[in-house]
Amino acid sequence: MKKYDVIIIGAGVVGCMVARFLSRYKLDILLIEKEADVGMGASAANTAIIHAGYDPVPGSLKAAMNVAGNRMWDTLAGELNFPFERRGDYVAAIGEEELPRLEELWEQGVKNGVPGMVMLSGDEIRHREPNINPAVSGALWASTGGICDPFAVVVAAAESAVTNGVTLMLETAFEDFVVEDSRIVGVKTNRGTFGCRWAVNAAGLYSDDVMHRAGVRPEFKITPRKGEYYILDRAEITINNVLFPVPTPISKGIVVTTTTHGNTIIGPNAQNIQDKEDRSVTRDGLEEVWQGARKLVPRLDLRHVIAVFAGLRAGGNAPCQAPGVDYGHDYVIEIPESVQGFVNLGGIESPGLTTAPAIAQRVVEMLKDTGEKLEEKRDWDPIRRTRPRFRDLSPQEQKLLVRNDSRYGRIVCRCENVTEGEIVAEIHAPIPARTYDAIKRRTWLGTGRCQGSFDTPRVVEILARELGISPLQVTRKGPGSEFLIRPTKDVEG
Ligand SMILES: Cc1cc2nc3c(=O)[nH]c(=O)nc-3n(C[C@H](O)[C@H](O)[C@H](O)COP(=O)(O)OP(=O)(O)OC[C@H]3O[C@@H](n4cnc5c(N)ncnc54)[C@H](O)[C@@H]3O)c2cc1C
C-alpha cells in the first residue's frame with residue numbers, strides 16, 4: 001500500500017488550494033477527485049465574484065475567511081497567472097424603502113473589517129452604471145470586490161500543486177477511511193487503498209458523508225442549494241462592475257455582472273433541493289432569475305442569452321462559534337479531537353471561492369499547531385507558467401507563434417478564436433485536458449454564440465489523435481458522456 005503524508009479528498013477550488021499551499025512543504029501529497037477533471041463541482045458553476053466581505057454575519061468563520069481570503073487574491077493571481085480583476089462591487093437599493101438595508105450592510109462590513117466601502121447617492125450610481133434601473137436610490141460601493149475566471153483558478157492551483165510534486169488521481173472516488181486506534185491511517189478508494197498520516201476533507205457537497213465516515217459531527221448535513229444563471233453574448237449590454245441587489249435572508253440575491261471574458265452573467269436564485277446531482281435548470285427558476293435581474297437592469301434583452309446553467313451550493317448546518325451569534329450555516333474548518341489525522345472542511349458554500357486561499361492557509365496553520373513539522377522545500381516554485389492564448393496576442397506575436405507552430409494558425413473555435421495549437425497544448429499540459437469540457441474550461445472554446453456547434457467534431461478528432469484513442473472513446477466530461485455511439489460507414493473500405 002503506497003503511503004502518503006497527506007491525502008486530500010476533492011479537487012475543487014478548496015482541495016486544489018490546499019494542495020497548492022501544502023506543496024510548499026516537504027510532504028508526500030495525494031489529491032483525489034472522483035470526476036474526470038479538477039473543478040467540476042461548485043467551483044465550475046458559480047458567479048465568479050471575489051466578495052469584499054460585508055455579507056457574512058460578523059463573528060462567523062465565514063466572515064473571517066472572506067475578508068482574509070479577499071486580501072490574498074492579487075498575489076495569488078500574479079503567481080498563478082489567472083484572470084482576476086478587482087473592479088469593485090455595488091449593492092444597489094431600488095426605491096427608498098431598500099435604503100436602510102444598505103446601512104445594515106455597511107455596519108456589517110465595518111465589523112468584519114472590510115476596507116474601501118463608500119455610500120453613493122442615486123445620481124452617483126446612475127452616472128457610474130448607465131444601464132442600472134433609474135429608480136435606484138443609492139448604493140454601497142466596495143472597492144475590494146472583484147471577478148475572476150473560476151475554472152482558470154482551479155486549474156492553476158492544481159497545476160501549481162502538481163508541478164511542485166503533488167500526485168493527482170482523477171476518476172478516483174473516496175469510499176471510506178482506514179482507522180486504527182482512533183487515528184486515520186488510510187483512505188479506501190475505487191482504485192485501491194492508500195496510506196496516509198493526514199486526510200483532508202474537501203469534498204464539497206459530499207463533505208458531510210466524508211466526515212461521517214470519520215465518525216465526526218453525525219448531526220452535520222449538507223442541503224444542496226441550487227442557483228440558476230443566464231449568460232449573455234458579449235458586448236450586448238455594458239455592465240462595468242458587479243451589481244448586487246440588497247440581499248435576502250438566505251442569499252446575496254440575483255446579481256448582474258460581467259465575466260473576465262466580457263459576457264454578462266445573471267443569477268443566481270436560491271432553491272433548497274435534495275438531490276446532490278441535480279444541476280438542471282427549470283422554467284420557473286430561470287423566470288425568477290430574469291425578473292430579479294431586470295429589477296437591477298431593466299434593459300436586459302432575452303434575445304442576447306447564449307447559455308443557461310445551474311450550480312449547487314454546499315449549504316451546511318454548523319452553528320457559528322462566536323458567542324451570542326444565532327447563525328446556523330457557518331463553515332466547518334477544524335482538526336477534530338475525536339479522531340486523529342483528520343482535517344475537516346465542511347459546508348464551504350458561498351463565498352467559498354473567495355475564501356479558498358484563506359482556508360488553505362488556515363489548514364497549514366492548524367497542522368503546525370498540532371506539532372506537525374512543516375519544512376519548506378528549497379525548490380518550491382510559486383509561479384505557474386501559462387500557455388499562449390492566441391486571441392490575447394498582438395498581430396506580431398500571433399505571426400511569430402504561427403511561424404514556430406503552424407497549428408496555431410488553424411482556428412477551431414470561430415466564436416472565441418481558439419486554435420488547434422492551444423488545444424494540443426492543453427492536452428499535453430501538467431494536468432492533461434482529456435475531455436471536451438476540460439479543453440473548454442481551459443481555452444474558453446465552445447462558449448460563444450454557437451455553443452460548440454462548429455468546434456465539437458474537430459475537438460473530438462484532435463483529442464482522439466493526441467490521446468491515441470478511438471473517437472468513440474472521446475467524452476464530454478468523463479465515462480458515460482461519449483459523443484459517438486458507433487461508426488456509420490467503414491472508412492477503410
Ligand atoms: C450558485 C453558486 C454561486 C456561487 N457564487 C460564488 C461567488 O460568486 N463567489 C464565491 O466566492 N463563491 C461563490 N460560490 C461558492 C463557491 O463556488 C464554492 O463555495 C466553492 O466552489 C466550493 O469549493 P469546494 O472545493 O469546497 O467544492 P467543489 O468545487 O464542489 O469541490 C468538491 C470536489 O470534491 C469532489 N468529491 C466529492 N465527493 C468525492 C469523493 N467521494 N471522492 C473524490 N472526490 C469527491 C467533487 O467531485 C468536487 O470536485 C457559489 C456557489 C454556487 C453553487
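Quick caveat, the model's predicted, so the values are computed rather than measured. For ligands, and for the atoms within them, numbers begin at 1 and follow the listed sequence. Each residue takes its place number in the sequence, starting with 1.
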Participant: Would you say ligand 1 has an N or O under 3.5 Å from any N or O of N46?
Facilitator: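 Yes; the residue has a nitrogen or oxygen that sits under 3.5 Å from a nitrogen or oxygen of the ligand.
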
Participant: Should I50 be listed as contacting ligand 1, given a heavy-atom distance under 4.0 Å as the test?
Facilitator: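 So I50 does not count as touching ligand 1.
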
Participant: Do side-chain atoms of R279 reach the backbone of F309 as a donor and acceptor pair under 3.5 angstrom?
Facilitator: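 Absent.
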
Participant: Does any N or O of ligand 1 fall below 3.5 Å from an N or O anywhere on I49, backbone included?
Facilitator: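 In this structure, I49 places an N or O atom under 3.5 Å from an N or O of ligand 1.
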
Participant: Using distance alone, decide if ligand 1 has a nitrogen or oxygen within less than 3.5 Å of any nitrogen or oxygen in I9.
Facilitator: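 No - when backbone and side-chain N and O of I9 are compared with those of ligand 1, no distance drops under 3.5 Å.
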
Participant: Test of understanding: given a 4.0 Å heavy-atom threshold, classify the contact between A356 and ligand 1 as side chain, backbone, both, or neither.
Facilitator: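 Under 4.0 Å from ligand 1, A356 contributes no heavy atoms.
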
Participant: Heavy-atom pairs closer than 4.0 Å: do any link ligand 1 to the side chain of E35, the backbone, both, or neither?
Facilitator: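 Near ligand 1, E35 shows its side chain, while the N, CA, C and O stay back.
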
Participant: Heavy atoms only: which of G69, A314, P268, S350 is nearest to atom 6 (C) of ligand 1?
Facilitator: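 It is S350 that holds the nearest heavy atom.
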
Participant: What about R225: any of its N or O atoms under 3.5 Å from an N or O on ligand 1?
Facilitator: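 No, R225 has no N/O under 3.5 Å of an N/O on ligand 1.
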
Participant: Do any N/O atoms on P351 end up under 3.5 angstrom from N/O atoms on ligand 1?
Facilitator: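 Yes, at least one N or O pair falls under 3.5 Å.
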
Participant: Given 3.5 Å as the limit, does a donor-acceptor pair link the side chain of Q108 with the main chain of D55, or not?
Facilitator: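 Answer holds: yes.
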
Participant: Please check if the number of heavy atoms outside E337 that lie under 6.0 Å from its CD is greater than 12.
Facilitator: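 Not buried by this count: 12 neighbours or fewer within 6.0 Å.
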
Participant: Within the 4.5 Å heavy-atom criterion, are K188 and V178 side-chain neighbours or not?
Facilitator: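 Yes - at least one pair of side-chain heavy atoms lies under 4.5 Å apart.
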
Participant: Hey, does Y229 come in under 3.5 Å of ligand 1, counting only N/O atoms on both sides?
Facilitator: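 The answer is no, given that Y229 and ligand 1 share no N or O pair closer than 3.5 Å.
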
Participant: Does ligand 1 have an atom that lies less than 4.0 angstrom from a heavy atom of V13?
Facilitator: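 True for this residue.
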
Participant: In the protein, what heavy atom is nearest to atom 43 (C) of ligand 1, and what distance, to one decimal place, separates them?
Facilitator: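 Looking at atom 43 (C) of ligand 1, the protein heavy atom closest to it is K34 N, 3.3 Å.
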
Participant: Does the side chain of R387 come within less than 4.5 Å of E426's, by heavy atoms?
Facilitator: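 Yes; the side chains approach each other to less than 4.5 Å.
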
Participant: Checking F174 now: which residues fulfil ring-ring contact (aromatic ring centres under 6.0 Å, His included) with it, not counting sequence neighbours?
Facilitator: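 For F174, the residues satisfying ring-ring contact (aromatic ring centres under 6.0 Å, His included) (neighbours in sequence not counted) are F177.
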
Participant: Has ligand 1 got any nitrogen or oxygen that is less than 3.5 angstrom from a nitrogen or oxygen of L353?
Facilitator: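 Right, the criterion is met.
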
Participant: Might you work through the side chain to side chain donor-acceptor pair (under 3.5 Å) test for K34 and T189, ending with a clear yes or no?
Facilitator: CA-CA 9 Å; K34 68 179 170 65; T189 77; over 6 Å; no

Participant: Decide whether an N or O pair under 3.5 Å exists between G227 and ligand 1.
Facilitator: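 Checking ligand 1 against G227, no N or O pair falls under 3.5 Å apart.
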
Participant: Hey, does T355 come in under 3.5 Å of ligand 1, counting only N/O atoms on both sides?
Facilitator: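 No.
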
Participant: Using a plain distance cutoff, I'd like to know if M40 has any nitrogen or oxygen under 3.5 Å from a nitrogen or oxygen of ligand 1.
Facilitator: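 There is no such contact.
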
Participant: Measure the shortest side-chain to side-chain distance between R294 and L302 over non-hydrogen atoms and say whether it is less than 4.5 angstrom.
Facilitator: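 Counting from C-beta outward, R294 and L302 never come under 4.5 Å.
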
Participant: What residues, two or more places apart in sequence or in another chain, satisfy side chain to side chain donor-acceptor pair (under 3.5 Å) together with K276?
Facilitator: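 Side chain to side chain donor-acceptor pair (under 3.5 Å) check on K276 returns D208.
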
Participant: For atom 40 (C) of ligand 1, what's the nearest protein heavy-atom neighbour? Residue, atom name and distance, please.
Facilitator: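 Among all protein heavy atoms, the one nearest atom 40 (C) of ligand 1 is F174 N, 3.7 Å.
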
Participant: Given side chains that start at C-beta, do those of E288 and E228 come closer than 4.5 Å, heavy atoms only?
Facilitator: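 No - every pair of side-chain heavy atoms lies 4.5 Å or more apart.
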
Participant: Can you confirm whether more than 12 heavy atoms, excluding those of R362, are under 6.0 Å from its CZ atom?
Facilitator: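 No, CZ of R362 has 12 or fewer neighbouring heavy atoms, counting only those of other groups under 6.0 Å.
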
